[in-house]
Each structure stands twice: as C-alpha cells, then as structure tokens.
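The next block holds one structure in the form of structure tokens; read it before the comments.
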Amino acid sequence: MSDNHTPYSPAQIEPKWQDYWRVNKTFKAIDCDYSRPKLYVLDMFPYPSGDGLHVGHPEGYTASDIWCRYKRMRGYNVLHAMGWDAFGLPAEQYAVRTGTHPAETTAKNVDTFRRQLESFGFSFDWDREINTTDPKYYKWTQWIFAKLYEKGLAYESKQPVNWCPELGTVLANEEVINGRSEVGNYPVIRKPMRQWVLKITEYAERLLAGIDDLDWPEGTKEMQKNWIGKSTGAELFFQVQDSEEQIKVYTTRPDTLFGATYMVLAPEHPLVDKLCASERKAAIRAYQEAAAAKSELDRSELNKDKTGEFIGAYAINPVNSQPIPIWISDYVLISYGSGAIMAVPAHDSRDFEFASKFGLPIKCILRPSEEDCQAAGLELADVLAGKACWEGEGELFDSANAEISINGLPVPEAKKKISDWLESKGIGKASVNYKLRDWLFSRQRYWGEPFPLVHYEDGSVGLVPEDELPVLLPELEDYKPTADGEPPLARAKQWLQYQHPTTGKRGLRETNTMPQWAGSCWYYLRYLDPHNDERGWDPEKEKYWMPVDLYIGGSEHAVLHLLYSRFWHMVLYDLGHVSHPEPWKRLIHQGMILGISYKDQRGVLVANDMVEHRDGKHFHKESGEELTMLPAKMSKSLKNVVNPDEIIERYGADAFRLYEMFMGPLTEVKPWNTDGVEGVYRFLHKAWRMIIDTQSGELAAEISDEAPGDEAERLLHQTIKKVSEDIESLSYNTAISQLMIYVNETSRSAKRNLEHMKTFVLLLSPLAPHIAEELWQRLGHKETLAYEPWPKYDESKLKVAEVEILVQINGKPRGRIMLPMEADKDEMISLVQKDEQIAKLLTGKNIIKSVAVPGRLVNIVVK
RNA sequence: GCCGGAGUGGCGGAAUGGCAGACGCGCUAGACUCAAAAUCUGGUAUCCGUAAGGGUGUGCGGGUUCGACUCCCGCCUCCGGUACCA
C-alpha cells in the first residue's frame, strides 16, 4: 500500500488528512440544525501582515480548535470559522512606497495566512471565510454605519485631534501612547480637523452595567470598567464676583466645599476670555497658546511640574461667600466634567501641588484619625496646618454656615448632607461623569471603508440611498494625502462628485475612511451568513447561533475592540437586528508566547545572533562576556522570532499543537523553547509504535481482542476521566500529560486491547487530529473520527480493593500501609494503630487526636 | 501612583487544605550497537550520612489548622494595563 508509511511520518499523513477534511467538508457548520445543541466558538481574526503567522497566533487557534473538535464528538453542532481583518496601515504604507495597490498586497498576504492556518489542521468551516476589505463585506460595515447615523449616533466635529504627521492621519486617543503613535512610535501633535465621531458615551451606562454578567477574565472586566470610568459626585455653580456669569464645576467631593480656596478653568474654557481682567489678557493669551501648541507628549512630560495663570477675577464660594481667585491651568481638562474645578488643596494632591507652587491658601477642614495618619506616614499636625495633603477619610470641621453644618460628620454622610442642601438651594445637584469619550471614527487614509455620506452644495450632509451600497473605494495612482492635508480619497476627482438619484442635489462624497476597528466590530455576525447579498445576516441564523459561546483572543484587545464591538452590538440590539444585547458570553485570553533571549551583566538584551553557546553557557560573540538566558517578547531586532512553518516542517503540525498546549496553562505567559517540541514529538512516535508495528505497517502484535486486565482497565478509565475533565476546563497541558502516562504504561505491556487502542485514539484526536485520523483508519475505520462519540468512563472500573494510606504523626510522614478502600474513618484509625511499625512509634506517647481522610491519610497527634 | 496577574528543581510546569516537584526538557549511568542515531531501563530539589535513615525546602515575615504551595494579615520582586478624569 502506497500510503502505508510504517514509521510515524507527519509529512505524509498531515497533508493527506487536511485534504480529506477539505474535500469532504468535514467541519461544515449546519445552520439552524435544531436537532443538536449549537456551539459558536470564535477566534480573534488576524490582520494578514506580510510577515506571516508567528507562534503566538496558533496558540489561541489551537486552543479553540481542540475545544471545537471535542465538542463535536460530544454531539454539538459547532460553528468555527476564520477570516481576515485586512484593512490597515502596513498595506497602505507599502502602496505609498511602491505604488502596489493595497488589495494586491492584501490578497497575497491572505493566501500566505490561509496556507499556514491550513497546515495546522484547524477545523474551520472554510466556506465561511470572510475578508473585511471585500466590498461584499464592507457593504454591510457601511450599512451598520448608516444605522448608527440614522439613530443620531454619528456626528461631525471640528476639534483638536491627535494628528500624526509621519503617518499622515489622525489617531484615536487609544492609539496614542505617551504622545507617540502606537503604530510606528512617531510623534503626535494636536491639530484641529473635521472628524466623524460616534456617540459611544450615550451607551456608557449600559456598557458598564452589562459587564457584570459576562463570563470574562476579572482583570479584563475591571479594565473596561476603568476605561468607562464612572464617577458619582455633584455639579455646582460658583457665582463670579461682580459678574452675571456662573461657573459650573464637577466634584466627587462636595463635602470639601468649605475647603475650596481657588478655582481652575481649563485653558480652553469658554468663559476664560470673558472673565479675564484686561491687565491679565496678554499673559492668559500666551498661556492658552502655549497649551494649545503643546503636543500630547509635552503635556505628559510636564505632568510633574504644574503651570498656570491667574485670570484676574474671583468667584464666590457658595457656602461661605468668600471670594476665591480663578486660575487657568492645563491640569484641568476641557473634555472632562465641565472643564472647571473647585480646588481644595488640603484634600486633593493635584490642587495641593498647584497651591504650593503658586502660594495659594491651603485650608484643612477634614481631620483624619491618628492611626490613619500614621499608616500614611504623615503627621496629624501637618495635615491640620495645611502642610500636608489628606485625601482619605476623616471627620469634617470648620464646615458650617448659618443654614447648614456638616461639622463632626464622616465623609460619606457629609457628602450626602451637603449635596441635599445644595440641591435645595438650587445651586447644585448630584451628578455622574464618565471618563469614556466619544469615539473618533474617521481616518485620513485610503485603505479603509469609505463612509456612505455626501456633503451637499447646500451645506447639508446625508447618507447615500441604501441600494447604492457598497460605496466602493476608487482606484488611485497616489495613496498619499493631498498637499493641503486632505485625505487620499480627495484625489479621486470623479468619484468625489455625487448627484442624488431622486432629489438631484449635487455634492461631494466624504473623503475620510473608517478606522480598522470598523470591520472587526461585527465580523462574528458575518460568519453566520457570509454569502448573503440581501442583508448582513439572516435573523433566523442569528437567533440560532448567537451569542458566541467562547471567544479566544489576546488581552491587548481588552478595552478597544471588545468595547467598540459591544457598543455596535448593543445598538444593533436596540434596532432589533440581533437577539442578544451582548455578543460574547465567555471570553478567554491566551497568554503571550515569549522568545528566548539573553542579557549581559548590565541587563542589556543581546540579539540572538550575537550569542555563542558553550558547555551549556552563553557568551557574547564579541566581548566574550557571559550572558544569562531569559524570556523576552519575540522581536525582529532580538532575532528570537520562531517561525511556525519551520517547526511544522521538522516536527509536524500535531507536535506543534501539542507542544504549544503542553507548555503550560493557556492563559499564562510562556517562553518558547524548541527543545521542548522534541518531547511531544517523541510522545507521538511512541503512541504510533504502541499501535503500529513499524516493521510491517500492520497493527502491533501486542494488540488483540483478549479481555483486558483490571490494571489496564483502570488506567484507561482514569485516562478517559482525566482527559475529559481537563479538556472541558481547557487544561490541555494536564490532559496531554495523562495521555503520556497512558502511552508510557501501555507500551510496556505485552498485551494491548484493541478497543482500548481505539478509545485512546479518540482521546488523542482533538489535540493531535492528523495522527489520530490516520491511526483510526488503520484500526479499521473508513470514516473520519470527527463525529465519533466521545468515550465515557465507568466509575466502577476506577475502584481498587486496597489503597496505600499515608500515616502521619504530628503531621510528619512516618509510614505507609495498605488499607481496604472502603474502610471508614474509625476503621482506618484503629487499623493504623494496630500496625506494628506505627505502634512502635506510638509507644510511650499520649494520643491526643486522630484525623483520617478516606483513601488518603491518617494523622495521629501525640504528646 | 492606581488597577490587574504572577513568584515552586538547572528549565517549562503539576498539585487549590491531605505524601511538593506529576508530565516533559536537560543532565547522567546502563542495555542494544563494530560505532553512532533511534529506542529501552534506572537516577536526577537540597543538606547530613558509606548506608538504612533523618533534617530543610514552594519570593520574605507573621497567623489560622491535626495538617498550608494552597486560606488570612503585612511586605518584596517581576510582568501587563493605566495615568492630572477633579
């Protein structure tokens, strides 16, 4: 037989089974099959970069694949598909440099990714493959945008935005890190530009409330909560002295109102010009201009040293009618709250810093307890004298006027009482604020979804009619922004011109494009019905498959993608297009896979090609200095990137999958070590030899129908139990370890039961599907094992008559004796005390207490 | 600073109140071989001891418990996120 490769040969059997699965559409998900429970397992789809897959991608994909294969054998109708998040900057930058159309680059990269993913044997339903850059896909991205627009959730705004000159585009706040672009690490400046913005803040409360019910990692839920950043407090009004104007402030500490000694407005606050005294105008103008010109980078660098200017006006503190000076400073942000604060330097560290620098009064009105003070390393006297800032709990004092007193109250009660009073006086009320800002949704790029919008000559803006979707990207010669800073689409002179089909109104198309997040916001819905040209997805299919039962992907998307997508989904839910308010029931993050790296004595990382290995030690090739090994993020510069293609070529996909799962718990960070692949590779060889005689290619001579012994039965049923439980809890590392134990034990035995071998192959199959299919076939089956029922274990087969019990005296192990399995606690204790060895150790001692744990141990406490 | 996660042999890790180090890598001794590879068998935390055996040991310091890697309190270190949000 030509394909009867006698030794284990992944290079032969893996392509064979990948072909089989493809040709037979083994993993086709059946829509609306109500005879079986459904299971929707989703992976975060990749951006198909020119570098191809790295070892991090297949980690999550392997984990979800094992889960899918296991669940199919458990009778589930599984939806598992793959696609491409293919709009993005690299293809566009490549286009700017070379003139190659991004679609061309993208298609090439997608082919590489598809080939690589297929080589892992993932059980995707490839008929559902999607691509966000396909007009048939982005037609519906545009459609969803239209729904948001119609619902009043999209608006234009001319605001200072994060402009990155190097990238030629604006970035969302989330894409700017310490004043530099997340992509490429280029400087970012603030520049006023016309933008499209989505009103995600309108959904802040519901997005926050929804988090509690999600089965997500606690840390991720916490991050989303912090990002939304809800705070409760009060807004109140300060009358400006000798003026009609009032200043609205937001505070979470209305209880400290009696300690407010000055006010600060953001430099951009609209009242600054109006209130500014004429002799202060020049200084204020200069400060405003400096603040406006500051890049994000400068602002964050200047964090430590506060700056500001007095505007020459005073406000009246409503509780004590004291005039307090009004300042401006960029430590107050125009975009949060009302852009103005009351400053309580005695009880807010930022205000304290500012007041100390500018010599403003610091008035303590809150007495902490001695203990709290000590715990914080402060002197109570300093706090009371305004020489130290106290932000914690305590008891209010000097906080009363003719109408109200909160003296003697602890902070929570004081907050409540003063808020009620402010409200009754009509000068304030309880209020809620969020850190979450509206979502800057446009980019000045070519390679993104065009907006289905037109700016008409009469100044109005409108959607194009739905039957004109998709609005296709025009062909361009040059992908750079225009000289006057317009996006690349402004170069498409013909495309730009628009005339409305019914009204005949003329206008110009929107030239911004959508950010990369747009396509990934709803891709899980398109998998449900990927070829539907009439609608984005069929409602019955949506009802059948949604919500996603398990979503696996990296924690780097904990806030952005996962929050934006929840927002869209909630809007679609409100509009009746989806049946659940939340898209993903359960979420898991795979841990990052690190590379091996080396550092010198100063801790500087050394690129791997500069390292020489001698006698198990590592030395710098040039300096000869001894280096220490450590795990570090894989990067081109450190030359420690592992290419999965090479691993598969050497060891096969099954070994690769097994190794990544065997490294440790799925969610932990783990260092890659190619030597470790040897171990699982040997295991696969050994499993092969357990079943196949490598001389003849027939089944191993040890295999027969003869009834298995009790030991063999127990081992098999233990293995079924352990592997089932571990796969169920995604603890693949320990499931593999149990399969290794099974093979080690069974290979030693001269008798192997045929049914046992079949069961073993089924247990192995989700983890290492190619070798399992091959062995299954050689064990006499014609069909794939993908839908074979998952093996069941028999509790009675696990029982043993006698079990070794540990005997402890005062908690120290002192002996082991065999006892009947079913002995109860009292029997165990008496049997143990009768044991000769133990009795000897107990002579002359007083037994105070004995503890027995059936099947485990007996502990005797003596004096 | 704040929030989250993690610290166990030479290395990856296992054990979530009951024999710490399963399983794997590496190392090591032996078998097979002319030899090597592959394979198989044994050993491999540490200290004392020839051995039998005993002591110590899960980042550090306390505590709860018959019993703690596991639970509680207080620290330290590393990793990830976030940062003037009033």
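Here the structure is a predicted model, which is why all the values come from computation and not from measurement. Lettering follows sequence order; numbering is per chain, from 1.
Looking at which nucleotide of RNA chain B each of A:Gln738 and A:Arg814 is closest to, the 5′-most match is held by A:Gln738. Ranked by how close their nearest RNA chain B nucleotide is to the 5' end, A:Tyr659 and A:Val559 are led by A:Tyr659.
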Side chain to side chain donor-acceptor pair (under 3.5 Å) between A:Tyr434 and A:Glu205, intermediate numbers included: CA-CA 9 Å; A:Tyr434 301 91; A:Glu205 187 59 42; 2.2 Å; yes

Evaluation steps, side chain to side chain donor-acceptor pair (under 3.5 Å), between A:Ser597 and A:Asn640: CA-CA 7 Å; A:Ser597 189; A:Asn640 62 350; 4.6 Å; no

Trace of the side chain to side chain donor-acceptor pair (under 3.5 Å) decision for A:Thr201 with A:Asp438: CA-CA 6 Å; A:Thr201 52; A:Asp438 277 341; 2.6 Å; yes

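Looking at the side chain of A:Asn226, the nearest of the listed nucleotides B:C3, B:C40, B:U41 is B:C3. When each of B:C66, B:A86, B:C84 is scored by its nearest atom to the side-chain atoms of A:Val861, the top-ranked nucleotide is B:C66. Of the candidate nucleotides B:G12, B:A6, B:C84, B:G12 has the atom nearest to the side chain of A:Phe662.
Nucleotide B:G24 holds its P atom 21 Å from the CZ atom of A:Arg657, rounded to whole Å.
Partner assigned to B:G1 is B:U82, using Watson-Crick or G-U wobble distances below 3.5 angstrom. B:G74: Watson-Crick or G-U partner is B:C60, with both key distances under 3.5 Å. Nucleotide B:G17 forms a pair with no other nucleotide shown, judged by Watson-Crick or G-U wobble geometry with both contacts under 3.5 Å. Across all strands shown, B:G49 forms no Watson-Crick or G-U wobble pair with both distances under 3.5 Å. Shown here, B:G24 forms a base pair with B:C11; the pair counts as Watson-Crick or G-U wobble because both key distances fall under 3.5 Å. Pairing for B:A29 is with B:U41, a Watson-Crick or G-U wobble pair whose two hydrogen-bonding atom distances lie under 3.5 Å.
In terms of the side chain to side chain donor-acceptor pair (under 3.5 Å) criterion, A:Asn810 has no residue partners (sequence neighbours excluded). Applying the salt bridge (Lys or Arg N to Asp or Glu O under 4.0 Å) rule to A:Glu804 yields no partners; only residues at least two apart in sequence or on another chain are considered. Listed by chain and number, the residues in a side chain to side chain donor-acceptor pair (under 3.5 Å) with A:Ser724 are A:Trp790 (sequence neighbours excluded).
Ring centers of A:Tyr651 and A:Tyr659: at least 6.0 Å apart, outside the cut-off. The aromatic ring centres of A:Tyr681 and A:Trp688 sit 6.0 Å or more apart.
Residue A:Lys686 has a polar side-chain atom (N or O) positioned under 4.0 Å from OP1 or OP2 of B:C40. Not one side-chain nitrogen or oxygen of A:Arg856 sits closer than 4.0 Å to the OP1 or OP2 atom of B:G67. OP1 or OP2 of B:A86 sits under 4.0 Å from a side-chain N or O of A:Ser231. Between B:G24 and A:Asn744, a contact under 4.0 Å exists linking OP1 or OP2 to a side-chain N or O. Between B:C66 and A:Lys849, a contact under 4.0 Å exists linking OP1 or OP2 to a side-chain N or O. At least one side-chain nitrogen or oxygen of A:Tyr336 sits closer than 4.0 Å to the OP1 or OP2 atom of B:A86. Listed pair A:Asn810 / B:G67 fails the phosphate criterion, with no side-chain N or O lying under 4.0 Å from OP1 or OP2.
Distance check on atom C1': B:U16 versus B:G21 gives 16 Å, rounded to whole Å.
Sorted by first and then second residue, the pairs that involve residues 659-688 of chain A and meet salt bridge (Lys or Arg N to Asp or Glu O under 4.0 Å), not counting sequence neighbours, are A:Glu59-A:Lys670.
Base orientation for B:G9: syn, the chi torsion being within 90° of 0.
Within residues 671-682 of chain A, the residues having any heavy atom under 4.0 Å from RNA chain B are, by residue number, A:Pro671, A:Asp675, A:Gly679, A:Arg682. A heavy atom lying under 4.0 Å from RNA chain B marks none of the residues of residues 718-728 of chain A.
A salt bridge is defined here as a Lys NZ or Arg NE, NH1 or NH2 lying under 4.0 Å from an Asp or Glu carboxylate O, and A:Asp351 with A:Lys306 fails to meet this definition.
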